[in-house]
Q: 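Pasting a structure here, questions to come.
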Amino acid sequence: MQTKFLRVQVALPGPFWQPLSYLVPDDSLSVATDPSLQSAWLADWLGWRVRVPFRNQTRIAVVVGVDQDDGVELSKLKPLLVKLDQEPVLNSQDLKFLRWAANYYHEPIGEVVMAALPKRLRDGEPLALPGVMTWQRSALGQSISVDQLSARAHKQRVLWQALSNDQAWSSSQLNASFSGWQPLVKRWVEQGWLAVKEGPCLAHKSLPNPVRHLLNDEQQAAVTSVQASQGFGCFLLDGVTGSGKTEVYLALIEQVLAQGKQVLVLVPEIGLTPQTAARFEAYLQQPVVALHSGLNDQERHCAWQVMRRGEASVLLGTRSALFSPFADLGLCILDEEHDLSFKQQDGFRYSARDLLIRRAHLLNIPVLLGSATPSMESLHNAQTGRYRYLRLSQRAGEAQPPHLSLLDVRGDRLQEGLSNKALGQMREALAAGGQVLVFLNRRGFAPVLLCHSCGWQGACSHCDANLTYHHASDTLKCHHCGFQQPKPKVCPACGSAHFVAMGQGTERLEQFLTIQFPEHTILRIDRDTTRLKGSLAEKVTQARDGEADILIGTQMLAKGHHFPKLTLVVMLDLDQGLFSVDFRGAERMAQLLVQVAGRAGRGTQAGRVLIQTHQPEHPTYQQLLREGYAGFAAQTLGDRQIANLPPFSFQLLVRVEALDSAQAVAFLEAIKALLLAVPVTEPCEVWGPVSAPMAKRQNRWRYQLLLQASSRASLQAWWQAVAAAVYAHPLANRVRWSLDVDPQEMG
DNA sequence: AGCACGCCGACT
DNA sequence: GTCGGCGTGCTC
């Protein structure tokens, strides 16, 4: 038999645009050289973890291809060191999906594959979780009484006595009660007294009491539509706040679970609270695996493993849970589909919504997107028939839709951003026994220290941004690079010692309201007051139970929470959304308004929403008030079509950062020249280079180039036509640059 | 991305 | 004379 050198292609984190090849060790050759065993050879390697030599060290990689001749010289190839695990970590469908994602987002395959593995597996830890073994008396063990043990072996007798309760003991349970149990347990296993079981690594916990609900006609119609789906289908569930989208999800999940299949539910980053998981468990009466940023590496590994093995059927997670492997996935759900947190904003800039749809498509299963304020993209897809449109128009129970009104504050004196009219309304609502939420979208309102004499204000020397004044530490800080300095004693420009703190923060608002409403309790919920683990959930519970009369909140209070006693919402600074540089500014503002308004009047009392504004005649407000979100969306889609903006076109943003701004611009100009030289049939446009919204960050100048085309395919093809030349450009290695496919924010 | 190699200022 | 600054170039 002639010698054939076999190679595998592996995904390794790093900027490698194709997988790296390694030779397989000699002892694997006999299988592979026989052509009839090619498929066995494939199954033996594809998706397996391997340890490979890399430079002068070793790395963990995943085999993504087998024996493809990629043109790399044999002499350059190294043999891989060892194959890990007893099974592949990713199956061929997972790999196909990940390859598609890498290709679409122009992200190195190694980075994408590693995003699909929990950190412990990326680091080469064993696949099996330590501590998931449980021990229980075997049939033989049942007959062994403690008296058969030596009377002098006190430790043994205590341990055996404990094990005689017929429960399965995990190592963590044994650790908690006994020391030195391992050798004894090991011996008893060898003697056949104990049976080892590899149990689920999730702690057994008791399920909440069952909760059932009846569906109204609209909910039932939505459930029926999705159930009728044969194979892949994408559904948009457009349901007003409080209309009971979750009940639809639960009914569908229940049905899929009854078929023995699994379900993946994605929620926004701050939407996943223990209450959400508990609600799912109460209805479904089975454990729900939660996967979110609050978990440690072991817990993530556990969740990953449990879903992959099919030991649990429901995964409820944030963005990255999208990559989890499943034994048999039957349904995907993505709640609050308009939410920006589904788009990863750094590194691998994927959209969890778009990738979830792609994954469902590859698996040929239905996917359901839900929102009270669907994105223009999804509404457009529903209108063109790519998605099936499902509508829930009624609030569940007796709850009335909130009443929205504009509060014209032009010419009024504002105290900490609040008008006297708003304060008056708050007093009335509180006197009537209601709860009040003051909503502050703090962006752009960070407190700035200003010299009262000359107007000087601190600017960061490394970024194109103002320094923010921090009262507690009496310092000026840059939120973008971490630069900080003590508050100057006198103004660096004019020498005056008279400073004023400008701008609005929730902290100052809280101080002000404490003075205004001394007899009422105030609860502030924002990034600063919820930094500790679990404190958001705790505060939300307090708010929901009516322990505070006045709530002060930012973005994180806008989503999904239910405050039955809330009767009045005051929105302080929505106006800025009207004048955003981003064409999606108004869309975001409208979504925020409707979502926050949805917090009010979910109990028996009708809710009111006051929007403080300097622009009461602005068409966006007028439209939202007259026709609601649907009318706003129809108008916005019309405008987008005329302007040929997404969702009527597709965009790709090239971002560049460089210490030398000339290099950044030169690189983008070079890319633009390459793009313009490509003959294209469909309309393709390129704008820029322009300065990024924050022109300088951490001493690097930031520029961007926007590509736009009439279809995803033509946009991809256009970039592909220049990609090789761009990567080969001398500046490509001298500046930091990245691609953002389907950018959601221009920052 | 890391992490080496490589070629010029302040130190025992 | 060296230690080390981070520019630049490669990784199967």
Side-chain angles (χ1 to χ4, degrees), chain A residues 3-26 28-29 32 41 45-84 95 98-99 101-102 105-119 121-124 320 344-350 462 481 654-664 666-667 670 697-702 723-740:
Chain A
T3 312
K4 182 172 185 292
F5 293 96
L6 286 160
R7 46 175 84 183
V8 290
Q9 285 71 49
V10 306
L12 194 74
F16 312 113
W17 297 101
Q18 52 193 22
L20 303 187
S21 289
Y22 284 86
L23 298 173
V24 301
D26 290 345
S28 307
L29 285 177
W41 151 246
W45 289 94
L46 205 60
W48 289 66
R49 282 198 301 167
V50 288
R51 188 180 287 278
V52 296
F54 184 76
R55 288 260 184 151
N56 51 0
Q57 41 186 343
T58 73
R59 295 283 173 89
I60 302 297
V62 174
V63 178
V64 294
V66 168
D67 206 28
Q68 287 149 22
D69 191 352
D70 55 4
V72 178
E73 280 176 52
L74 202 62
S75 61
K76 284 197 166 183
L77 302 189
K78 293 178 183 175
L80 64 85
L81 297 171
V82 65
K83 196 164 127 186
L84 300 171
L95 285 172
L98 296 172
R99 269 194 297 262
Y105 288 103
H106 301 100
E107 185 72 13
I109 182 68
E111 301 289 338
V112 178
V113 166
M114 291 306 156
L117 295 183
K119 183 172 183 298
L121 294 185
R122 295 201 294 269
D123 292 349
S320 62
Q344 177 129 317
Q345 296 289 12
D346 54 356
F348 175 20
R349 294 172 177 264
Y350 64 93
H462 312 288
C481 72
V654 188
R655 303 165 188 271
V656 176
E657 284 186 11
L659 294 168
D660 176 3
S661 67
Q663 284 195 333
F667 182 55
R697 183 162 170 172
Q698 296 184 48
N699 279 330
R700 289 174 200 278
W701 295 94
R702 310 162 79 227
V726 171
Y727 289 109
H729 192 279
L731 281 171
N733 294 323
R734 303 177 69 130
V735 300
R736 288 186 187 174
W737 67 286
S738 64
L739 294 182
D740 190 349

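Chain A is the first sequence line, chain B the second, and so forth, proteins listed ahead of strands; every chain is numbered from 1.
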Q: How many whole angstroms separate atom CD1 of A:I109 from atom C1' of C:dC12?
A: 16 Å
Q: State which residues pass side-chain contact (heavy atoms from CB on, under 4.5 Å) with A:A666; sequence neighbours excluded, sorted by chain then number.
A: A:L731
Q: How many Å lie between CG on A:L77 and P on C:dT11, as a whole number?
A: 12 Å
Q: Could you check if a side-chain atom of A:W17 sits within less than 4.5 angstrom of a side-chain atom of A:I109, using non-hydrogen atoms only?
A: no
Q: Could you tell me whether A:K78 atom NZ has more than 12 heavy atoms of other residues or ligands within 6.0 Å of it?
A: yes
Q: Contact between A:P53 and A:L81 at the side-chain level, heavy atoms closer than 4.5 Å - yes or no?
A: yes
Q: Report yes if a side-chain nitrogen or oxygen of A:K76 is closer than 4.0 Å to either non-bridging phosphate oxygen (OP1 or OP2) of C:dC12; otherwise report no.
A: no
Q: If you only use heavy atoms from C-beta on, which nucleotide in C:dT8, C:dC12, B:dA1 is closest to the side chain of A:R734?
A: C:dT8
Q: Looking only at heavy atoms, which two atoms of A:T58 and A:R51 are closest? And how far apart?
A: OG1-NH1, 3.3 Å
Q: Expressed in angstrom and rounded to an integer, what is the separation of A:Q663 atom CD from C:dG7 atom C1'?
A: 11 Å
Q: Can you check whether A:W41 reaches A:L6 side chain to side chain, under 4.5 Å on heavy atoms?
A: yes
Q: What's the CG-C1' distance between A:L23 and C:dC12, to the nearest Å?
A: 9 Å
Q: Rounding to a whole Å, what distance do you find between A:N733:CG and C:dT8:P?
A: 10 Å
Q: Take atom CZ of A:R122 and atom P of B:dA1, then tell me their distance rounded to the nearest Å.
A: 16 Å
Q: Go through A:I60 and A:L84 one step at a time and tell me if the side-chain contact (heavy atoms from CB on, under 4.5 Å) criterion holds.
A: CA-CA 9 Å; A:I60 302 297; A:L84 300 171; 3.8 Å; yes
Q: Nearest whole angstrom, please: distance from the P of C:dC12 to the CZ of A:F16.
A: 8 Å
Q: So which protein N/O to nucleotides 2-7 of chain B N/O distances come out below 3.5 Å?
A:
unit_1	atom_1	unit_2	atom_2	d
B:dG2	N2	A:R55	NH2	2.9

Q: Could you tell me the separation between the CZ atom of A:R700 and the C1' atom of C:dC6, rounded to a whole number of Å?
A: 12 Å
Q: Under 4.0 angstrom, heavy atoms only, what part of the nucleic acid is A:P53 near: base, sugar-phosphate, or nothing?
A: sugar-phosphate
